[in-house]
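Worksheet: the structure to be examined is printed underneath.
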Amino acid sequence: MTLSQVAVMSMKLSQIVDYLETQGMACSLLGDPSVSIEAVNTLEDARGGEISFLANPRYERALQTTKASAVVVGSKQAKANGLNLIRTADPYAAITAMMVRLHGHRRHPNWGVSSHAEISETAQLGENANIGPLASIGDRVIAGRNLTVYPGCYIAAGCVLGDDVTLYPNVVLYEQVLLGSRVAIHSGTVIGEDGLGYAPVKGKWVKIPQVGRVEIGDDTEIGANCTIDRATLGATVVGSGSKFSNLIAIGHGTKIGADCLLVAQVGLAGSVTVGKHVTMAGQAGVVGHITIGDNATIGAKAGVTNNVEADTTVLGQPAVPITECKRQFAVIQRLPEMRHKLRHLEHEIQELRAQIEAQSHLIEEHQPDQPIAR
Amino acid sequence: MTLSQVAVMSMKLSQIVDYLETQGMACSLLGDPSVSIEAVNTLEDARGGEISFLANPRYERALQTTKASAVVVGSKQAKANGLNLIRTADPYAAITAMMVRLHGHRRHPNWGVSSHAEISETAQLGENANIGPLASIGDRVIAGRNLTVYPGCYIAAGCVLGDDVTLYPNVVLYEQVLLGSRVAIHSGTVIGEDGLGYAPVKGKWVKIPQVGRVEIGDDTEIGANCTIDRATLGATVVGSGSKFSNLIAIGHGTKIGADCLLVAQVGLAGSVTVGKHVTMAGQAGVVGHITIGDNATIGAKAGVTNNVEADTTVLGQPAVPITECKRQFAVIQRLPEMRHKLRHLEHEIQELRAQIEAQSHLIEEHQPDQPIAR
Amino acid sequence: MTLSQVAVMSMKLSQIVDYLETQGMACSLLGDPSVSIEAVNTLEDARGGEISFLANPRYERALQTTKASAVVVGSKQAKANGLNLIRTADPYAAITAMMVRLHGHRRHPNWGVSSHAEISETAQLGENANIGPLASIGDRVIAGRNLTVYPGCYIAAGCVLGDDVTLYPNVVLYEQVLLGSRVAIHSGTVIGEDGLGYAPVKGKWVKIPQVGRVEIGDDTEIGANCTIDRATLGATVVGSGSKFSNLIAIGHGTKIGADCLLVAQVGLAGSVTVGKHVTMAGQAGVVGHITIGDNATIGAKAGVTNNVEADTTVLGQPAVPITECKRQFAVIQRLPEMRHKLRHLEHEIQELRAQIEAQSHLIEEHQPDQPIAR
């Protein structure tokens, strides 16, 4: 129901194969080219008229039971009793292309510029602005074309936004936040709040004005209820093409490179430098003032306390290279056994000592003139 | 002060005992039945006219100092110098019943349908709707009776809500979120945002349209500032009767069973299957694509990386059965000692070897014709 | 650009030295007193006309390359080729004073009391209230002077606020939240929501009315998207002068002392008692019903499961005194090596036993009448 609601068209399997080829994805059809497809769905939920996919081998069993009219699979996937299959090198990329083609991306409500929004006279919005009611846009805000702002958003004075920016409901941008183009920020996310900047003076915390800014690059997408501190001085930066999940905290002055992927509840302290194409798994944490190299991967719940080399994967608390970490985990499982063995060896050694003593006596007995070195 | 403000009535201890009996809680009064009670409070804060309770033995000392006029205690609780006691099998359930009776649940402001709310003409709200100002309700939204929506909420197009739903301020529901009946969602929580769904194509992250939905069951309560991703395809599900605390992240396509309890800052990745009556303690994390059995308990900060059997408790990172985990913790405490002992044994063995060598020489001396096997 | 935008004045280095002296910070100028300063910036980003600082030795190299016109450094800092230096005991406190002097704190929009705000007729606001549009203030709310409320905030019935309170956009205060004076709460933070209070009755979770309150002390600052539960009974408390970062969860009935510092994503369960001047690093978690002493420090990601003594630092999961924890970490790194060594010792012992056996036979051979004790 959900899917048919949003389905915008239908395509025959032959057309789908042609389309994927035009997208540069070589593929072959195993089955009936005339079958008509209206939507994409999971192997589990799919019904007639829907196409599904198999990317993760652990779900292969589902091929036996799926009601999908066709399934996109890997190039080497075996036939599955009469199921229409489209074989291709990267089923995940192929199904993504089909989801875009058949379903498309979210269509926003069309508010134009709502008379129930609060927009400063000094704000400059580009053409085709779509501003919902109950949104606030402050003084001297400058935005490019095709800006979409949902209700409950607050854009403070001096923010600068590129083209094709989307702010979902209740997003807050503090003053002087800079967003690139094609940026999407999900509900409840706050960008540019003050960081935890205090100077300890006689046992009290004296606030340091946070006069820096935040710069969010092009083609970034930030999840829901995240918080990205403004810099104390200079800028907090999120690089172009980076994608955040939800409930992520970024400290003041931290600089994240391009095309990074941050999973939910990741936290970075202040003044961290993160390279390009870094992945951080859920609930990972990074202490302040360190550097993480390009293409590094930080495991789930890792506690990163030292610099991480480029192209390495770290895990654990404190985080260490993953092979080392897994070895440690493996041994920790065996710790009780090791402790037991250690006790056992002690006893054996005592036993051996006793035997040696006994032998010494025997030997001494008939050569009392020659004491044994102990 | 707070409590007397919200107190709605007063009852004598005899009436309280009668009431609890009618609620199926056998209890006995040790003290003066005519004492009048207006409110419930903690042992520490209670004053005359208030009743308190003792459920956690660690607070038993407080019985000596409380100013409460009466205390609900366990069946075996000893007298406490002249303090009025109500003994019952489950003091916690009993005091809960008394809180409901004496204080009742939150009374919402009565807005009717505010003329300052933004409500689509195509939205269908059931009878007795209570919609605050500054709330937004989108196209084709369908809601049952007694809907309460606080200011700042946004309900996107196509959402379907049951009866007696309450949305506290600034809750956001993306399109096609389905809420059951008697659902309460606390402030700032976002439901139905896009999950972290991207296909890696040539080093870039290509967005996968998230065309699935979210289904929240009957009698659920979701805390503040949580995030529940919509499914990529199909549904993300929270089962009936489940209760969430705050700042919880649920990944796309994850399915949580009935009557689960999730504590603050818990995070579940995508495509996780959680059974019924599962408890997850604070800051626990669960990786994607695994299954957690009915009645399982996940300890605080646990990092769950494998399936969890029904009726088991796991703890640690990676999470293992709690007994195993505690044994590991215990041994880890002793690691430095173990390391020391290991060094010690090495020395002892060298010593023994030396002695054996010495003996060999002696023995050889007077039987040179017989070499010793080494 | 950002900085010059907000710069409000300029001062000569001689004037800066004089000003710091008047602030009780003895300092000496090494360089040209006539140089004019307009703003503060980082060593990295600073240009001519800007002053920077060096507090963390790891950045000392930047002294060679900074374009700042002057740098505030420690008393013992050596000259740096012609760079104007101001030496003082605490460069961090000094630069803070200069940031306040040159940049000042955030200037809020001036809304007066917006006609587009929803304010109850029974609310009592002190003089000079600054209430933005789209804000809601409920019945019987009482606030002191100089209240600033940004758009999208919701202040429920019966809240009491002191003087000089600032609520940034989309802050939510549930009923009966008490804020002291000079309190600042950042965007999206929710205070007074119900805690996870349910009684287990026949496998279901029965809600316990949360009739307590929240009390936030004077001079506190709470970050963005935090959640602070109201107490079930009595009060949840945040002590005067305490500062929170973002995404922090505080459970019901927890009481935090004065001048504490909580870093992002920290979580405290319910009924925790925290002393004065306690620091909790990022993602630390504390279980319910325990006590943390004055001046304690909880390390990043620590899992605190037992009381923490005053003036101690704990780390790890479960958290232990830091020295112990670091020793454990160190040994864990060596676990694989230990395991290897353990195996090695086993072999050696077998070898020794073999030798002893061999000797025994030899000895027995020519004294068969005397068996050796084993």
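All heavy atoms count here, side chains included; hydrogens, waters and symmetry mates do not.
With a threshold of 4.5 angstrom between heavy atoms, C:L335 approaches chain B through side-chain atoms but not through N, CA, C or O. Both the backbone and the side chain of C:Y198 come within contact range of chain B, with heavy atoms under 4.5 Å apart. C:A269 does not touch chain B: none of its heavy atoms, backbone or side chain, sits under 4.5 Å away. Using a 4.5 Å cut-off between heavy atoms, B:C226 makes no contact with chain C at all. Using a 4.5 Å cut-off between heavy atoms, C:A330 does not touch chain B at all. For C:V266, the part lying near chain B is the backbone, with the side chain staying farther off; criterion is any non-hydrogen pair under 4.5 Å. Only the side chain of B:R106 comes within contact range of chain C, judged by heavy atoms closer than 4.5 Å. With a threshold of 4.5 angstrom between heavy atoms, C:E118 approaches chain B through side-chain atoms but not through N, CA, C or O. Contact of C:A135 with chain B is made through the backbone alone, with heavy-atom distances under 4.5 Å. If you measure heavy-atom distances from B:F244 to chain C, the contacts under 4.5 Å come from the backbone alone. For chain C, the nearby part of B:N170 is the side chain; its heavy atoms alone come within less than 4.5 Å. At a 4.5 Å heavy-atom cutoff, C:D139 makes no contact with chain B through either its backbone or its side chain. Contact annotation for C:V286: neither backbone nor side-chain heavy atoms come within less than 4.5 Å of a heavy atom of chain B.
In terms of heavy-atom pairs under 4.5 angstrom with chain C, the leader among B:E221, B:H116, B:E44, B:K276 is B:E221.
Using cut-offs of 30° and 60° for the angle between ring planes, the B:H277 and C:W205 rings count as parallel.
Using a 4.5 Å heavy-atom cutoff, the side chains of C:I363 and B:Q359 are not in contact.
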Residue pair C:K207, B:K243: steps toward the side-chain contact (heavy atoms from CB on, under 4.5 Å) verdict: CA-CA 10 Å; C:K207 184 173 178 68; B:K243 315 292 185 182; 5.8 Å; no
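Between the B:Q265 side chain and the C:Q265 main chain, a donor and an acceptor come within less than 3.5 Å of each other. The backbone N or O of B:Y168 lies less than 3.5 Å from no partner atom in the side chain of C:Y154, so there is not a single donor-acceptor pair. When atom types are taken as modelled, the side chain of B:N225 and the backbone of C:G188 share a donor-acceptor pair closer than 3.5 angstrom.
Taking 4.5 Å as the heavy-atom cut-off, the residues of residues 338-345 of chain B that approach chain C are B:M338, B:R339, B:L342, B:L345, ordered by number.
For B:D219, the side-chain hydrogen bond (donor to acceptor under 3.5 Å, both in side chains) partners are B:R182, not counting sequence neighbours.
Atoms CD1 and OG, on C:I191 and B:S187 in that order, are 11.0 Å from each other to the nearest 0.5 Å. B:Q355 contributes atom CD, which lies 9.0 Å from atom CD1 of C:I356 (distance to the nearest 0.5 angstrom). Atoms CG and CG, on C:L352 and B:L352 in that order, are 6.5 Å from each other to the nearest 0.5 Å.
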